[in-house]
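A short worksheet on the structure shown next.
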2 protein chains.
Amino acid sequence: MVNIADVAKAAGVSRSTVSYALSGNRPISRETRERIDLAISELGFTVNAGARALATAQTMVLGLLVQFEDDEFPPAMLQYILAVSTAARELGYDILMVTDDHGPDAVRRITSSNMVDGVVLLDVVHDDPRLQPLREARQPGALVGLPRDTEGLDVFDLDFGEAARLIVDHLHGLGHRDIILVSPPRHVFERGGAYAWRFREAALERAARHDIHLYAHYGESQQPGIERSVNAIIDARPQATALIVHNDASIAALPAVLRERGIAVPRDLSVVSLYSRDFGRTFLLPYTAVETSPDELGRLAVQHLVRRITEPDYGPPVVRFVEPQLTDRGSTA
Amino acid sequence: MVNIADVAKAAGVSRSTVSYALSGNRPISRETRERIDLAISELGFTVNAGARALATAQTMVLGLLVQFEDDEFPPAMLQYILAVSTAARELGYDILMVTDDHGPDAVRRITSSNMVDGVVLLDVVHDDPRLQPLREARQPGALVGLPRDTEGLDVFDLDFGEAARLIVDHLHGLGHRDIILVSPPRHVFERGGAYAWRFREAALERAARHDIHLYAHYGESQQPGIERSVNAIIDARPQATALIVHNDASIAALPAVLRERGIAVPRDLSVVSLYSRDFGRTFLLPYTAVETSPDELGRLAVQHLVRRITEPDYGPPVVRFVEPQLTDRGSTA
DNA sequence: CTGAAAGCGCTTACAG
DNA sequence: CTGAAAGCGCTTACAG
């Protein structure tokens with residue numbers, strides 16, 4: 001394998017000069033630089049990433065921890081993964097993606113061995129067991145999803161409370177007084193998926209203030225049973241005039257359910273949901289909805305993480321909520 | 001950061017002895033080993049992965065190249081990613097996931113810098129531009145998907161030709177003589193998605209032999225337009241008694257389309273498709289289908305890749321087709 | 001503007 | 001069964 005010494009010899013300079021030419025960390029004469037460039041391209045030299053990492057204590061790799069929970073809807077996850085990966089590459093970082101079942105061990109493993117310069121956690125839950133090892137790590141961490149205790153970590157999430165208020169207010173303004181809410185599965189609440197109850201509680205609170213009856217139900221996230229559960233929920237609340245769906249799997253299945261029941265939107269029922277624009281390229285979703293912004297969240301997390309890696313005193317940890325935006329697609333009346 | 005010298009000092013031995021205790025590459029007395037273990041846990045020592053990689057020329061990291069094509073159906077991709085990641089971890093490898101738009105550069109970048117010990121390529125097309133840089137790399141490569149030229153690379157794929165014959169024979173045996181085939185989008189054929197035409201050609205050839213009319217159409221893979229395209233295809237072939245769907249997006253949308261049209265399966269129409277078992281947890285798919293085995297393909301690719309990394313003369317490249325298996329879910333008659 | 005040398009944290013022949 | 005030392009391929013003060 002051709003190394004920096006080979007290049008130095010071919011160019012007739014020292015190894016340090018080659019290194020500085022590579023990094024640009026000190027001025028090099030034009031002539032010398034040209035000889036080095038020539039040698040590099042003739043020999044096909046590429047810096048050995050491991051050796052550079054050892055010398056600089058920077059790997060230029062970010063860890064990405066993904067958890068494939070059974071109650072997670074796969075198509076939604078991929079958007080976050082892609083967003084993080086793309087944002088990282090734009091800043092010169094690669095992604096070490098870890099899908100281990102046991103997240104805390106994975107965090108410890110990749111941080112204590114110095115495989116990564118920082119860590120992004122996806123699918124963060126209220127009491128996430130990965131937070132402690134991440135706080136103990138040398139490397140900074142950024143979370144997508146709000147945990148109970150954000151200490152020492154940068155946190156990014158959609159403002160689910162505000163999203164709920166936005167939606168309830170929107171329906172209230174249209175005169176709806178009986179509204180169904182389809183939440184994530186019960187299991188998501190139980191394992192601490194804070195986005196689920198943050199949305200539900202804010203919706204209930206807001207509905208109460210408006211004297212609206214809000215019927216909150218758990219939806220499903222796995223087939224078979226998604227259509228069945230949505231049907232059962234609608235059956236249970238015949239008086240409802242609007243449906244809020246905070247459940248990826250259920251909203252994906254909703255068009256088929258409504259067609260089957262002969263329910264026209266928004267004539268017979270108003271529908272509002274939360275999903276990302278890209279989600280609507282996989283599923284046929286003509287509904288007014290809050291944009292969940294996976295791209296923006298992934299990008300924010302990576303950008304802050306990289307700043308924290310490169311600027312030692314970047315300031316106190318950041319907890320940032322993305323402002324929900326309601327996109328009106330005409331599914332409410 | 002605590003390093004191997006700190007451990008050696010605390011345990012009262014040399015650095016080499018600590019290293020050998022870690023690797024198990026030479027016998028260590030019980031007493032010495034215990035002192036070392038104690039020092040390691042007291043100091044909280046973890047081997048520095050980069051330093052080890054530099055010394056051993058092994059990173060214990062596999063590159064995973066993923067391409068998010070617009071005509072790809074995201075839910076299906078995730079299964080391959082997860083399969084590769086899981087199989088790698090079981091063999092002690094981590095995954096460097098690269099989603100660059102420009103695959104050939106990405107392959108060159110991660111291999112020439114020695115960031116990885118081997119590379120897995122997903123979504124391989126007929127004339128895949130990533131193959132050349134991969135062949136030129138020091139590291140071995142494994143592909144999921146069959147390219148035109150398999151030279152020098154281990155290749156794994158479902159036997160799409162056999163899958164087509166299996167399905168056509170199955171329908172022929174049931175007496176069908178007019179069959180619709182919904183293929184992947186035209187763009188997949190154009191960019192060299194070999195699985196698309198391997199399946200279609202084998203199906204056409206087999207149908208001709210049986211004197212079956214096989215009506216091959218391109219389906220869609222993005223909303224809006226999937227339901228519409230399936231409807232148009234069915235409208236165009238009223239005489240058909242069976243439907244073969246080789247298109248993830250279309251099969252996911254099929255239940256809604258058939259319900260809307262009032263078509264009962266298999267009474268009015270027989271349906272056969274190709275998808276994985278897990279795919280049926282995201283979508284409601286009660287159809288007889290060939291299992292596409294993403295788990296098995298991902299696992300095979302990783303296992304062979306790792307053997308090729310660890311056993312210098314593992315033998316000639318392998319091209320292995322996974323045998324298609326038809327799971328009868330009663331959607332044909 | 002450039003070079004010689006130390007150091008990053010490991011592993012592994014070589015020697016005993 | 002164990003140690004001293006060279007080497008993996010870089011970077012970066014230090015010196016000129």
Side-chain angles (χ1 to χ4, degrees), chain A residues 1-37 39-40 43-61 109-117 138-139 310, chain B residues 1-37 39-40 43-61 92 110-117 138-139 310:
Chain A
M1 208 181 45
V2 28
N3 61 24
I4 206 169
D6 300 324
V7 175
K9 188 179 297 170
V13 297
S14 72
R15 286 157 54 213
S16 45
T17 300
V18 176
S19 178
Y20 283 116
L22 251 25
S23 67
N25 281 344
R26 84 179 180 191
I28 308 277
S29 74
R30 214 171 64 87
E31 185 194 22
T32 303
R33 157 154 285 135
E34 280 168 3
R35 286 215 310 281
I36 291 174
D37 286 348
I40 287 177
L43 298 174
F45 168 75
T46 309
V47 174
N48 181 297
R52 172 174 279 177
L54 186 57
T56 61
Q58 290 242 328
T59 62
M60 299 308 285
V61 173
R109 187 169 59 78
I110 66 173
T111 56
S112 66
S113 64
N114 272 307
M115 299 183 81
V116 298
D117 293 337
R138 276 178 291 278
Q139 298 92 334
T310 52
Chain B
M1 208 180 45
V2 29
N3 61 25
I4 207 169
D6 300 325
V7 174
K9 189 181 296 173
V13 298
S14 71
R15 287 156 54 212
S16 47
T17 301
V18 175
S19 177
Y20 283 117
L22 250 25
S23 67
N25 282 344
R26 82 179 181 191
I28 308 279
S29 74
R30 213 172 63 86
E31 187 194 19
T32 303
R33 156 155 284 135
E34 281 168 5
R35 284 215 310 282
I36 291 174
D37 288 347
I40 286 177
L43 298 174
F45 167 76
T46 309
V47 174
N48 180 298
R52 173 175 280 176
L54 186 57
T56 61
Q58 290 241 327
T59 63
M60 300 307 285
V61 173
I110 66 173
T111 56
S112 66
S113 64
N114 272 306
M115 298 184 82
V116 298
D117 293 339
R138 278 178 290 278
Q139 299 91 335
T310 52

Measure the distance from CG on B:Leu54 to C1' on C:dC8 and round it to the nearest whole Å.
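Interatomic distance, CG of B:Leu54 to C1' of C:dC8: 9 Å.
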What does [X] touch in the nucleic acid at a heavy-atom separation under 4.0 angstrom: a base, only the sugar-phosphate, or nothing?
X: B:Ser113; value: nothing
X: A:Thr56; value: sugar-phosphate
X: B:Leu22; value: nothing
X: A:Asn114; value: nothing
X: A:Ser23; value: nothing
X: B:Ser29; value: sugar-phosphate

Got [X] and [Y] here, is their nearest side-chain heavy-atom distance under 4.5 Å?
X: A:Asp6; Y: A:Phe45; value: no
X: A:Asn114; Y: A:Arg138; value: yes
X: A:Asp117; Y: A:Thr310; value: no

side-chain N/O B:Asn25 vs C:dT12 OP1/OP2, d < 4.0 Å:
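For B:Asn25, the contact criterion (side-chain N or O under 4.0 Å from OP1 or OP2 of C:dT12) is met.
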Does a side-chain N or O from A:Asn3 land closer than 4.0 Å to OP1 or OP2 of D:dG9, or not?
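For D:dG9, OP1 or OP2 has a side-chain N or O of A:Asn3 closer than 4.0 Å.
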Ignoring the backbone of A:Arg15, work out which of D:dC10, C:dG9, D:dG3 is nearest its side chain.
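Nearest listed nucleotide: D:dC10.
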Check every atom of D:dG3, C:dC10, C:dA13 against the side chain of B:Tyr20 and return the nucleotide holding the closest atom.
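Nearest to the side-chain atoms of B:Tyr20, counting from C-beta on, is C:dA13.
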